[in-house]
There are 2 protein chains.
Amino acid sequence: MIGSVSVGQRFGMLLRASEMPHSVRNRLLVGFERFNSSAAGSRIHHIHLKNGRQQFYPAEKLGLGDINENVLEAKYAVRGTIPMRAEELQEQLHKNPGSLPFTSIVSANIGNPQQLKQKPLSFYRQVLSILQHPEILDQGRGELVAKGVFARDAIRRAERLLKDVGGSVGAYSSSQGVLGIRKTVAEFITRRDGGEPAYPEDIYLTAGASAAVSYLLSILCKGRETGVLIPIPQYPLYTASLALNNSHALPYYLDERSGWSTNTEEIESVVKEAVENGIRPAVLVVINPGNPTGAVLSVEAIEEIFTVAAKHGIVVIADEVYQENVFSGAEFHSMKKILRKLQKEHPGIYDNVQLASLHSTSKGVSGECGQRGGYMELVGFSREVRQVVLKLASISLCPVVTGQALVDLMVAPPRLGDESYETDRLERQTIHNELDRRASLLHEVFNSLEGIECQKPQGAMYLFPRLKLPYKAVQAAQHLEMTPDEFYCLSLLEATGICTVPGSGFGQEPGTYHLRTTFLASGVEWIKKWEAFHKSFYDQYRD
Amino acid sequence: MIGSVSVGQRFGMLLRASEMPHSVRNRLLVGFERFNSSAAGSRIHHIHLKNGRQQFYPAEKLGLGDINENVLEAKYAVRGTIPMRAEELQEQLHKNPGSLPFTSIVSANIGNPQQLKQKPLSFYRQVLSILQHPEILDQGRGELVAKGVFARDAIRRAERLLKDVGGSVGAYSSSQGVLGIRKTVAEFITRRDGGEPAYPEDIYLTAGASAAVSYLLSILCKGRETGVLIPIPQYPLYTASLALNNSHALPYYLDERSGWSTNTEEIESVVKEAVENGIRPAVLVVINPGNPTGAVLSVEAIEEIFTVAAKHGIVVIADEVYQENVFSGAEFHSMKKILRKLQKEHPGIYDNVQLASLHSTSKGVSGECGQRGGYMELVGFSREVRQVVLKLASISLCPVVTGQALVDLMVAPPRLGDESYETDRLERQTIHNELDRRASLLHEVFNSLEGIECQKPQGAMYLFPRLKLPYKAVQAAQHLEMTPDEFYCLSLLEATGICTVPGSGFGQEPGTYHLRTTFLASGVEWIKKWEAFHKSFYDQYRD
């Protein structure tokens with residue numbers, strides 16, 4: 001062992017530290033020692049014990065083997081291998097601009113609109129700017145309004161919110177979130193659901209929707225005995241959270257041929273099989289509009305889901321963060337509204353349903369991902385269970401207060417007659433139109449290409465085209481120890497800088513290959529480059 | 001069963017839903033049904049199966065018994081019974097102002113300075129205001145500076161941060177946090193530790209320090225086999241997180257008589273006992289300055305802790321969020337600096353130590369609790385383990401970006417020569433002086449009272465006085481099924497509106513009683529009221 005002195009040698013022992021099992025080494029070490037400071041600088045350490053003399057040498061470090069297996073198990077593809085490779089390429093472009101066949105990375109792997117230069121809504125930011133520094137109004141409201149720095153309604157809203165948060169966004173709020181903001185959310189839901197009332201007591205403000213998922217699954221998963229029904233393909237946050245909670249993902253496949261719709265017979269059979277295997281199906285996750293599929297559920301599909309939930313006493317988590325991202329022709333129906341409809345039509349039958357509906361400021365036309373705003377509405381949960389949710393939330397103290405304020409702004413944008421109304425409406429319209437246009441274009445391009453088939457997008461921010469990869473491409477992937485879809489995404493990235501996520505990260509029917517791409521990147525140049533890449537890829541690997 | 005129709009009756013079955021075990025009920029329910037909509041409004045539902053005819057009735061709701069026991073087990077006293085009672089009283093004051101013997105609640109239960117009207121530092125808020133709405137600078141920098149709205153250095157900092165975050169605080173950042181901000185943190189640590197270098201790669205920005213604790217314990221706790229050494233008394237976040245991870249808290253008692261110092265022999269014996277009981281002592285938590293004790297660790301005490309860590313291969317979590325809250329006479333030594341010193345003095349012996357040091361924007365003179373900023377530095381962890389931390393962080397996408405910016409501002413405040421320097425220095429000095437003054441006053445008052453003994457505060461935001469409660473008070477508490485300290489805190493709250501946390505929420509030596517109070521509330525009136533309450537409490541219960 002040239003260049004290293006074994007610890008054993010130093011202390012005249014026989015064994016090297018690295019040759020000893022952790023447990024043995026721990027057992028060798030008892031008592032309490034202090035170094036003799038005169039030994040500093042020497043390679044041999046005389047170690048003194050307060051009451052006597054004793055030696056110790058350092059124990060082995062904790063390594064991967066000492067880490068919680070559930071955490072090791074968790075995977076999150078949206079920030080997985082392909083995006084990590086994209087980061088390396090980004091670095092390379094930074095250091096050596098001419099060294100790659102492209103000049104920038106197109107981050108189509110994640111719904112992060114403002115990274116791709118989508119502008120934040122002005123009204124939001126005016127209010128948040130005042131919330132951070134109310135002294136700014138000391139310049140004089142009149143002058144600020146006259147100069148167009150702040151709209152009158154932005155100032156009014158900021159002042160109301162400051163009062164609601166108790167004077168400063170720098171104070172912890174209640175763990176459930178600021179009451180005044182929860183009231184605004186309840187009013188929004190009531191409006192959205194055609195007058196079906198919502199209550200501030202049932203609203204929990206959260207740091208994005210991911211915090212809500214994490215709370216709910218932590219509470220509802222008891223370990224290996226618990227199963228959670230998740231759609232496949234799914235947003236991998238769900239499988240990751242289930243891995244962390246060591247509970248079973250019970251996959252139910254969405255039907256690609258009918259536009260990624262849910263198949264309730266499939267769900268029923270998954271429930272039945274779980275019960276037969278001694279697994280308690282405790283939760284059913286619905287993502288509507290779908291991520292990564294972009295499908296929007298029909299009223300009938302939602303009713304069927306609730307029927308399963310009512311029959312089996314399954315809690316429904318409705319991930320409705322894309323509720324604003326719906327394209328013309330499709331219509332979003334909130335799970336809550338449909339639940340109330342069923343409860344009204346069939347008294348007593350659906351009263352047992354427990355629904356958690358999630359929303360976020362990261363998507364829609366807000367796109368304020370970095371601000372971490374969100375809420376969940378808990379419907380039908382007992383007071384005891386809601387107290388447990390609150391306790392769990394209180395361990396993280398409170399969701400970021402500016403994110404809470406943003407939820408208020410999202411659910412109550414300027415109204416007709418407000419000074420900001422027209423600007424805000426235009427800004428929203430522009431974002432909607434842009435997304436709509438690029439989604440259609442990308443969809444068309446995909447369906448014009450050999451070996452790609454893509455369902456018409458109805459909502460959300462993604463397309464999830466199916467790749468019919470040639471045998472030679474599959475072989476090439478196997479040689480590189482990759483899945484074929486991973487191979488395609490990596491080739492696309494290396495050739496064009498476009499970063500996507502392989503379907504295997506979301507789950508897909510065995511033997512099928514997909515990828516997820518956002519359509520957030522501006523312009524159409526990148527779409528043309530993708531088209532060219534795809535053709536040459538098929539030319540290279542065609543059977 | 002007057003007033004309720006059993007589900008069984010409706011379907012002509014024998015069993016009531018509530019009389020059937022969940023599992024039996026699940027097994028009864030197969031296939032896929034749809035309601036016949038003509039049945040709407042009727043109390044009897046004919047339920048049709050697509051291929052045939054079948055009935056179902058709703059299953060039992062998930063209740064407390066179906067919830068993850070670890071979550072049920074977790075307790076978080078800082079937002080526990082006494083603060084919850086305080087909220088009720090607050091509500092009562094709001095509805096019926098004259099109905100209580102006080103006019104407002106003094107929230108001394110939680111370190112939440114801005115709730116108690118501590119003003120945020122102007123420099124921070126100027127920068128954050130610009131970050132939220134950079135268009136505000138379109139008014140003209142010169143004019144804004146001339147009017148005193150923004151200082152030149154605030155504008156410069158905002159512009160640098162905007163560049164670092166890629167243009168908008170509304171975009172997700174990397175899950176580890178914005179690189180430019182991690183660089184500023186590394187520079188700060190290097191400066192703080194007398195030139196011992198820190199690296200941006202080792203810095204992880206987090207949503208306050210609680211997120212860091214949650215990540216670390218999720219990773220390092222493997223369940224019942226894992227033990228985590230925590231000081232007693234401790235900040236209950238730790239026991240709560242351990243309960244969530246179903247791992248053992250291995251308490252080591254701090255020595256009240258010597259100013260709540262650590263006793264390394266005690267720690268060694270806890271380690272030994274754990275190993276004998278088959279529990280792996282994986283982590284040792286140090287809170288310095290102490291919460292709730294206010295003690296500041298000496299260099300020698302820190303060295304001793306690292307010696308235990310090195311000997312047993314234990315990861316050290318150093319909760320150093322109060323590092324700025326140190327009173328005159330005491331000195332804060334960072335764990336990292338002492339570790340490097342030991343590594344230099346005794347080559348090879350301490351190289352195995354893995355240290356996670358946490359900091360937060362919620363404490364110090366920043367007090368920006370609601371903004372959720374923080375960081376952790378990981379020292380000595382392998383690349384593999386750091387990758388796991390990063391993966392876990394990526395599941396929550398990213399810490400709030402404005403909170404990250406605030407970390408930058410906290411660790412790099414205006415410097416001599418900068419326009420904001422003098423104002424900033426004065427604001428900081430004022431906060432420090434106020435805290436110092438009130439801590440001393442409260443300490444004096446406590447020690448002047450019958451049955452209270454309080455260690456001299458050295459740091460943090462709390463006093464943790466010991467209550468020597470008379471036998472009659474202990475009896476009264478027992479009759480009310482409370483711990484005696486809880487009884488004292490509740491009596492204090494009901495009489496004065498002062499909300500504190502009983503020592504039992506933090507842990508204390510059996511047979512001793514304490515409480516934790518902050519000294520953040522402004523003025524001294526509340527201290528006088530407390531004094532009067534205490535005297536009458538003792539008059540009532542004196543033996």
Side-chain angles (χ1 to χ4, degrees), chain A residues 26 29 32 35 40 45 56 58-62 64 67-68 71 76 79 112 114-115 120 125-126 128-129 132-133 136 139 149 168-172 210 218-219 221-222 240 264-265 268 275 310-313 315 345-346 349 352 368-372 384 388 392 394-397 400-402, chain B residues 26 29 32 35 40 45 56 58-62 64 67-68 71 76 79 112 114-115 120 125-126 128-129 132-133 136 139 149 168-172 210 218-219 221-222 240 264-265 268 275 310-313 315 345-346 349 352 368-372 384 388 392 394-397 400-402:
Chain A
N26 275 342
L29 308 166
F32 163 72
F35 285 108
H45 304 289
F56 92 88
E60 207 172 323
K61 267 191 187 189
L62 253 78
L64 273 193
I67 277 179
N68 183 346
V71 178
Y76 185 62
R79 300 211 156 182
N112 191 7
Q114 295 188 23
Q115 181 194 33
R125 295 308 195 90
Q126 289 182 17
L128 288 170
S129 181
Q132 284 289 7
H133 193 47
I136 209 166
Q139 285 180 80
V149 180
S168 171
V169 293
Y172 291 125
S210 358
S218 293
I219 288 172
C221 290
K222 296 186 81 168
T264 322
E265 290 181 46
E268 282 279 2
V275 172
K311 270 170 58 178
H312 301 285
V315 173
E345 286 174 4
H346 310 281
I349 296 298
N352 67 338
E368 295 276 15
C369 304
Q371 308 254 21
R372 314 309 294 122
E384 287 78 20
V388 176
L392 194 57
S394 80
I395 296 175
S396 323
L397 295 154
V400 56
V401 176
T402 45
Chain B
N26 275 341
L29 310 165
F32 163 71
F35 284 106
H45 304 290
F56 92 88
E60 206 173 326
K61 267 191 186 189
L62 254 78
L64 274 194
I67 277 179
N68 183 347
V71 178
Y76 186 61
R79 300 214 156 180
N112 191 7
Q114 295 188 24
Q115 182 194 31
R125 296 307 196 88
Q126 289 183 18
L128 288 170
S129 182
Q132 284 289 6
H133 193 47
I136 208 166
Q139 287 181 77
V149 179
S168 171
V169 294
Y172 291 126
S210 359
S218 294
I219 288 172
C221 290
K222 297 186 80 168
T264 322
E265 290 180 46
E268 281 280 0
V275 173
K311 270 170 56 179
H312 302 284
V315 172
E345 288 174 4
H346 310 281
I349 296 298
N352 67 336
E368 294 277 16
C369 305
Q371 307 253 20
R372 314 308 295 127
E384 287 78 19
V388 176
L392 194 57
S394 79
I395 296 174
S396 324
L397 295 155
V400 57
V401 175
T402 45

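Since the structure is predicted, the reported quantities are computational estimates derived from the model, not experimental observations. Proteins get letters first, then strands, A, B, ... in listed order; numbering begins at 1 in each. Reckoned from all heavy atoms, side chains included, excluding hydrogens, waters and symmetry mates.
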Go through the atoms of B/S394 and report whether side chain, backbone, both or neither lie under 4.5 Å from a heavy atom of chain A.
-> both
When [options] are compared by non-hydrogen pairs under 4.5 Å with chain B, the top option:
options	answer
A/G170, A/A240, A/A171	A/G170
A/S396, A/S210, A/C221	A/C221
A/N112, A/V401, A/T402, A/L128	A/N112

Side chain to side chain donor-acceptor pair (under 3.5 Å) with A/S129: which residues, sequence neighbours excluded?
-> B/S129
List for me each residue that meets side chain to side chain donor-acceptor pair (under 3.5 Å) alongside A/S218, sequence neighbours excluded, and say none if there are none.
-> none
A/R372 vs B/R372, side chain to side chain contact (heavy atoms under 4.5 Å, CB included): CA-CA, chis, key distance, verdict = CA-CA 10 Å; A/R372 314 309 294 122; B/R372 314 308 295 127; over 6 Å; no
Relative to chain A, which of B/I67, B/V388, B/L64 shows the most heavy atom pairs under 4.5 Å?
-> B/I67
Of B/Q114, B/Q115, B/R125, B/Q126, the largest count of non-hydrogen pairs under 4.5 angstrom with chain A goes to B/R125
Side-chain donor or acceptor of B/N352 paired with backbone N/O of B/G313 under 3.5 Å | no
Apply the test side chain to side chain contact (heavy atoms under 4.5 Å, CB included) to residues B/Q371 and A/Q132: give CA-CA distance (whole Å), side-chain angles for both, the deciding distance (0.1 Å), then the verdict.
-> CA-CA 10 Å; B/Q371 307 253 20; A/Q132 284 289 7; 3.0 Å; yes
When every non-hydrogen atom of B/H133 is compared with those of A/V149, the smallest separation belongs to NE2-O, 3.9 Å
Let me know if A/L392 has heavy atoms under 4.5 Å from chain B in its side chain, its backbone, both or neither.
-> side chain
